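When a ligand or atom number is given, it counts from 1 through the structure's own listing order. Source: prediction; values computed, not measured.
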Amino acid sequence: MKLTQDQQDLLDGKYGPGAQLAMKVQVAVGESFGAERMVPITRAHVALSNQDADQWLAEKMANLGAKCRISPTVNPGWCLPYFREKGMVQDEEDYKFMERTHNAYKKLGATLSYNCTPYIDTNVPNFGEIVAYSESSATPYVNSVWGARSNREGANSALFASITGYVPEYGLLFDENRKGTILVEVEAEMKTPYDYHLLGMCGKKIGHGIPVFVGLPKHVSSEDHRNLGAQLNTSGAYDMYHIVGVTPEAPDLETAFGGKEPQRKVVITEEDLKAVHKEISLEGNREIDFVMFGCPHFTLKECLHIHERLNGRKLSKEMYILVSSHVKNMAEIMGIDEEMDALGAHIIPATCPDQPIWKFLEGKIGLTESPKCAYYPQRRGINFVIRDLDTCIESAVTGEVE
Ligand code: F3S
């Protein structure tokens, strides 16, 4: 691979052993993809997970003196001050663990946003920017919606890119690799962001490639895109999609496919969405123990929607709404945070469902609108029924789901 003087200096250790290690791994990754050079990035997002391997790597790089040239936003672990203040920390070891993760990323110079939807309000790229984003909903969103260019980075490769300021040039950084390959005709009616969760879960049927969706409504909201990308990437490792007439690189079918014929055509019907739902959700007609939203993190619009639907009604089951610190702050300023909290709907910043802080929910049955929320906590003994958002809100009031 051809390196510039700065890149060679990084590789030779001129900027210290941390940056050297990062560059060494990146060059190896680049060579394995046939990259001929490294190119500078302007933004990054690291899918911090606060799990053993994540903490090990962050501490290792920090101890080697690495500092991020491009300060990346980071995914949520769990919010130390929030849970401490609420008296919800059950295990001091968990607290210390999250504190160590926090300190390692702080030392590395990361932007401690603790939010998995940075592409909506904290780290928004422009069209054509070359970036390094990890996290399931983030990579498809920045590629598809903003037209920025990111390969499907892992938490580690995005961290290395943040440290060196470069990525190897391959894959989605090239025009020709960004064209659609599968035509997906959506016959199912798409009414709410929840339907986009289910559409995204159809990865098995859609198959490997870059899907080009037709038949979707003209207006696709930020929440719709967030859900579609999150579930596509979870169900089938997609790093990009197009929606004809909606996303910037798909003004029409011909452009979306780069003038070529689709390799495959797939039709998604109402029945497909129902089948996916049946496969991923626990059976209904039961009492639930709690309700959880915000995987990926909920927007202010969604918090306002819940506030409006509740209309002062007290919940019979606790509701946890996971959001960015920015959304939490807005909810506080607007006064809805306090009002909702009093009803039993808690807006929680900087937290993910796949964290040890939720161990008090072990063995319980939750209700959520997100397949991803239902998927990860299973390994912690927490299982979910999945329904659309408004059904979940009503069930939080009654305590039961149909
Ligand atoms: Fe975000 Fe954690 Fe869900 S990172 S998408 S809240 S699993």
Side-chain angles (χ1 to χ4, degrees), residues 44-51 53-55 58 72-79 82-83 98 101-102 105 110-123 133-142 152-156 158-159 193-194 196-197 200-201 222-239 280 290-299 302-303 319-328 346-359 361 366-380 382-384 386 389 392:
H45 178 76
V46 173
L48 169 156
S49 65
N50 187 41
Q51 289 168 17
D54 169 49
Q55 190 184 80
T73 44
V74 295
N75 259 16
W78 57 276
C79 184
Y82 178 90
F83 286 94
M98 181 63 220
T101 300
H102 171 83
Y105 277 94
T111 300
L112 300 173
S113 56
Y114 294 128
N115 168 22
C116 51
T117 55
Y119 46 80
I120 289 182
D121 51 22
T122 38
N123 197 0
Y133 276 52
S134 51
E135 172 51 29
S136 57
S137 68
T139 315
Y141 202 105
V142 298
R152 190 168 174 267
E153 304 288 352
N156 41 20
L159 178 60
Y194 173 70
Y196 288 82
H197 271 310
M201 288 303 290
S222 309
E223 292 80 7
D224 299 333
H225 280 296
R226 176 202 60 199
N227 295 353
L228 178 61
Q231 309 306 345
L232 276 174
N233 212 348
T234 306
S235 74
Y238 296 88
D239 37 28
I280 56 178
F290 69 98
V291 175
M292 187 177 279
F293 302 128
C295 176
H297 279 173
F298 258 23
T299 59
E302 288 168 313
C303 293
M319 180 189 285
Y320 307 107
I321 308 163
L322 312 179
V323 299
S324 67
S325 303
H326 170 72
V327 168
K328 172 78 174 172
H346 313 293
I347 301 179
I348 304 178
T351 299
C352 167
D354 189 21
Q355 290 291 317
I357 190 64
W358 300 108
K359 61 173 61 137
L361 297 177
L367 179 64
T368 182
E369 42 63 71
S370 159
K372 200 177 166 188
C373 183
Y375 179 72
Y376 287 110
Q378 288 176 91
R379 64 197 178 110
R380 300 179 188 277
I382 309 167
N383 292 292
F384 284 87
I386 305 174
L389 178 59
C392 293

Atom pair NE2/OG of His297 and Ser370 - distance to nearest 0.5 Å: 11.0 Å
Tell me the protein heavy atom at minimum distance from atom 6 (S) of ligand 1, and give that distance in Å. Pro353 CD, 3.4 Å
Let me check your reading of the structure: within less than 2.8 Å of atom 3 (Fe) of ligand 1, is there an N/O/S atom from Cys295? yes
Is a side-chain donor or acceptor of Arg380 paired with a backbone partner of Lys359 at a separation under 3.5 angstrom? no
Atom 2 (Fe) of ligand 1: the protein heavy-atom neighbour that sits closest, reported with distance to 0.1 Å: Cys352 SG, 2.4 Å
Numbered atoms and elements of ligand 1 in range of Lys372, under 4.0 angstrom, heavy atoms: 5 (S), 7 (S)
What are the atoms of ligand 1, with element, lying closer than 4.0 Å to any heavy atom of Glu135? 5 (S)
Region of Asp354 engaging ligand 1 - heavy atom pairs below 4.0 Å: neither
Should the ring pair Phe293 and Phe298 be called parallel, tilted or perpendicular, given that the plane angle runs from 0 to 90° and is split at 30 and 60? parallel
What residue and atom, counting heavy atoms only, is the protein's closest point to atom 4 (S) of ligand 1, and at what distance? Asn75 ND2, 3.5 Å
Could you go step by step and tell me if Asn50 and Tyr114 meet the side chain to side chain donor-acceptor pair (under 3.5 Å) rule? CA-CA 11 Å; Asn50 187 41; Tyr114 294 128; over 6 Å; no
With a cut-off of 2.8 Å, does Cys116 put an N/O/S atom close enough to atom 1 (Fe) of ligand 1? yes
Kindly assign one of parallel, tilted or perpendicular to the pair Tyr141 and Tyr119, based on the angle between their ring planes and the thresholds 30° and 60°. parallel
Would you find a donor on one side and an acceptor on the other, under 3.5 Å apart, between the side chain of Thr73 and the backbone of His45? no
